[in-house]
Amino acid sequence: MTEGNFVDYVKIYISSGKGGKGSTHLHREKFIEKGGPDGGDGGRGGHIILRGNKNLWTLFHLKFTKHVKAGHGGDGGSSRSTGADGEDKIIEVPLGTVVKDQETEEILFEITEHGQEKIVAKGGKGGLGNWHFRSATNQTPRYSQPGMPAEEKDIILELKVLADVGLVGFPNAGKSTLLSVLTSAKPKIADYPFTTLKPNLGIVAYRDFQSFVMADIPGIIEGAAEGKGLGHYFLRHIERNSTLLFLVPADADDIKKEYEILLDELRRYNPEMLTKDRLLVISKSDMLDDELKTEMKQLLDAQIKGVPYLFISSVAQQGLQELKDKLWQMLN
Ligand SMILES: Nc1nc2c(ncn2[C@@H]2O[C@H](COP(=O)(O)OP(=O)(O)OP(=O)(O)O)[C@@H](O)[C@H]2O)c(=O)[nH]1
Ligand SMILES: [Mg+2]
């Protein structure tokens, strides 16, 4: 898969296991004519459990999971032996996964911590065996409880928390190329606008085994907030990023203007986007010689205030470590 490893919505049909039935058994042994009741209890049906996993970033691994079924509880047996519990099924999800009941649209809960476990469909309780029902008046009860039924439903998993750093830029600015050199993601790259049609996520490895997540989204054009291009729909994917990385290519006619158009589109989409930390990078700066770069720096220093900027080149591998350092510093 080279495109669209980003999945933030899945629907799954789940069913827990039903409880095993209790046993109606009367003890029989040589020389003991009338043994008492000794039917054991049924086992519990398996639960469906959601578990948070901080190493997952999307719901991609569940994209093709349509059903999840837990095991049924075993029936109780003689000699008060209890049936085995049904096997639980665990669904691992990224932190920030919101779980909804599809039918009622009710939010059931949210998984926010690594290792956090929540039962989303409870296994049926096992029935009690007849041993429990013996009494002074009934020494040989010939009944036991059935197991409780399973729980079945469709659930929706929706991912709320997204990457740390979101890439923002016009089509063809070099966003996907940057993702491909900083992470092991393999997004499609081409010399035409709207190459990227779906968001891509990658994990940027940082010094000493640390990492952060970067999201590449389709290019944004003027009017995106009103639905032009593809940017509008995908802006929601960077709504929760803590830091936005603006890319303007070195060969842009007017860097300041391009940056301001991008900023304005974000503002129109949601003014809160402007409260995030921002970093501007001039991409494809391998196209600049030193003289041009110096000139451009002077211009940018005069024109663009209040946002740090860097020159980078994904192709020539320039300024990338500096970029990672800067992003890391902003994230922490
Ligand atoms: N010279 C040079 N070209 C680059 C650099 N980075 C990207 N390019 C080229 O720019 C073109 C667009 O790159 P992409 O990474 O696909 O751009 P994008 O921003 O993801 O584009 P969309 O997905 O359409 O929004 C490709 O032809 C790349 O090879 C760079 O550092 N230097
Ligand atoms: Mg792209």
Side-chain angles (χ1 to χ4, degrees), residues 1-8 58 60 162-163 165-204 213-225 227-238 241 243-255 257-266 269 273 278-293 296-297 300 309-324 326-327:
M1 265 267 160
T2 53
E3 272 283 289
N5 62 0
F6 190 90
V7 173
D8 65 347
T58 76
F60 183 68
L162 296 166
V165 177
L167 298 180
V168 179
F170 279 15
N172 228 25
K175 299 178 296 298
S176 301
T177 310
L178 180 63
L179 187 82
S180 77
V181 296
L182 292 185
T183 76
S184 61
K186 301 271 171 285
K188 190 169 160 194
I189 293 165
D191 192 15
Y192 53 82
F194 299 116
T195 305
T196 301
L197 300 173
K198 283 181 176 175
N200 290 292
L201 284 190
I203 298 171
V204 182
V213 177
M214 189 174 262
D216 167 32
I217 63 167
I220 291 168
I221 56 171
E222 198 164 4
K228 285 212 183 118
L230 292 164
H232 168 63
Y233 173 71
F234 293 111
L235 283 176
R236 74 186 176 96
H237 289 296
I238 52 170
N241 298 155
T243 299
L244 297 178
L245 182 58
F246 285 68
L247 263 82
V248 178
D251 60 349
D253 291 336
D254 187 338
I255 291 181
K257 191 169 167 210
E258 220 170 272
Y259 168 67
E260 282 176 348
I261 291 173
L262 291 168
L263 210 54
D264 197 46
E265 288 307 324
L266 297 192
Y269 173 74
M273 300 277 256
R278 262 176 267 152
L279 176 64
L280 171 64
V281 299
I282 316 304
S283 61
K284 310 190 188 181
S285 59
D286 52 285
M287 297 198 285
L288 305 171
D289 57 22
D290 287 344
E291 203 182 319
L292 247 156
K293 222 185 223 176
M296 229 178 212
K297 272 185 191 161
L300 288 173
Y309 69 87
L310 289 174
F311 286 89
I312 65 152
S313 165
S314 304
V315 170
Q317 305 259 324
Q318 288 163 359
L320 299 181
Q321 187 58 49
E322 204 185 340
L323 172 61
K324 287 202 270 185
K326 184 74 192 164
L327 287 173

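Order of appearance sets the numbers: ligands from 1, and atoms from 1 within every ligand. This structure is a prediction, so every number in the text was calculated from the model and none was measured.
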Just to the nearest 10 degrees, tell me the angle at the Mg ion (ligand 2) spanned by S176 OG and T196 OG1. 90°
Identify the protein heavy atom lying closest to atom 8 (N) of ligand 1, giving its residue, its atom name and the separation to 0.1 Å. K284 CE, 3.7 Å
Could you tell me if any non-hydrogen atom of G169 lies under 4.0 Å from any atom of ligand 1? no
When you measure from atom 17 (O) of ligand 1 to every protein heavy atom, which one gives the shortest distance, and what is it? G174 N, 3.1 Å
Have S313 and S285 got a donor and an acceptor in their side chains that come within less than 3.5 Å? no
Taking CG in D289 as the centre, count heavy atoms belonging to other residues, nucleotides or ligands within less than 6.0 Å. Is the count above 12? yes
Kindly check if the number of other-residue, nucleotide or ligand heavy atoms within 6.0 Å of CD (E291) is above 12? no
For F194, the ligand 1 atoms with a heavy-atom partner under 4.0 Å come out as 24 (O)
Backbone or side-chain N or O of G219 under 3.5 Å from ligand 1 N or O: yes
Judging by distance only, is a nitrogen or oxygen of I217 under 3.5 angstrom from one on ligand 1? no
In Å and rounded to the nearest 0.5 Å, what is the CG to OG1 distance from L327 to T243? 7.0 Å
What do you reckon, does A173 put a non-hydrogen atom under 4.0 Å from ligand 1? yes
Numbered atoms of ligand 1 (with element) below 4.0 Å of P193, judged on heavy atoms: 24 (O)
Would you say NZ of K293 has more than 12 non-hydrogen atoms from neighbouring residues, nucleotides or ligands within 6.0 angstrom? yes
Taking only heavy atoms of V315 into account, list the atoms of ligand 1 that are under 4.0 Å away from them. 2 (C), 3 (N), 4 (C), 5 (C), 30 (C), 31 (O), 32 (N)
Does Q318, at its CD atom, have more than 12 non-hydrogen atoms belonging to other residues, nucleotides or ligands within less than 6.0 Å? yes
Out of the candidates L323, T183, V165, L320, only one should pair with V204 under the side-chain contact (heavy atoms from CB on, under 4.5 Å) rule; please name it. T183
When you look at F170 and E258, which way does the side chain to side chain contact (heavy atoms under 4.5 Å, CB included) test go after all the steps? CA-CA 8 Å; F170 279 15; E258 220 170 272; 3.2 Å; yes
What atoms in ligand 1 come closer than 4.0 Å to a heavy atom of Y192? 24 (O)
Among non-hydrogen protein atoms, atom 25 (O) of ligand 1 lies closest to K175 NZ, 2.9 Å
Any nitrogen or oxygen of A316 lying under 3.5 Å from a nitrogen or oxygen in ligand 1? Just yes or no. no
Looking only at protein heavy atoms, what sits closest to atom 31 (O) of ligand 1 is S314 N, 2.9 Å
Quick test: of every protein heavy atom, which one is nearest to atom 7 (C) of ligand 1, and how far off is it to 0.1 Å? T177 OG1, 3.2 Å
Under-4.0 Å heavy-atom contact with ligand 1, by part of S176 that carries it: both
Nearest-0.5 Å distance, CG of residue N200 to CG of residue L167: 10.0 Å
Above 12 or not: heavy atoms from other molecules or residues under 6.0 Å from CD of E322? no
Which is closest to atom 21 (O) of ligand 1 by heavy-atom distance: N172, D286, I220? N172
Provide, to 0.1 Å, the distance between atom 29 (O) of ligand 1 and the closest protein heavy atom, together with that atom's residue and name. I189 CG2, 4.1 Å
Donor-acceptor pair between Y259 and R278 side chains, under 3.5 angstrom: yes
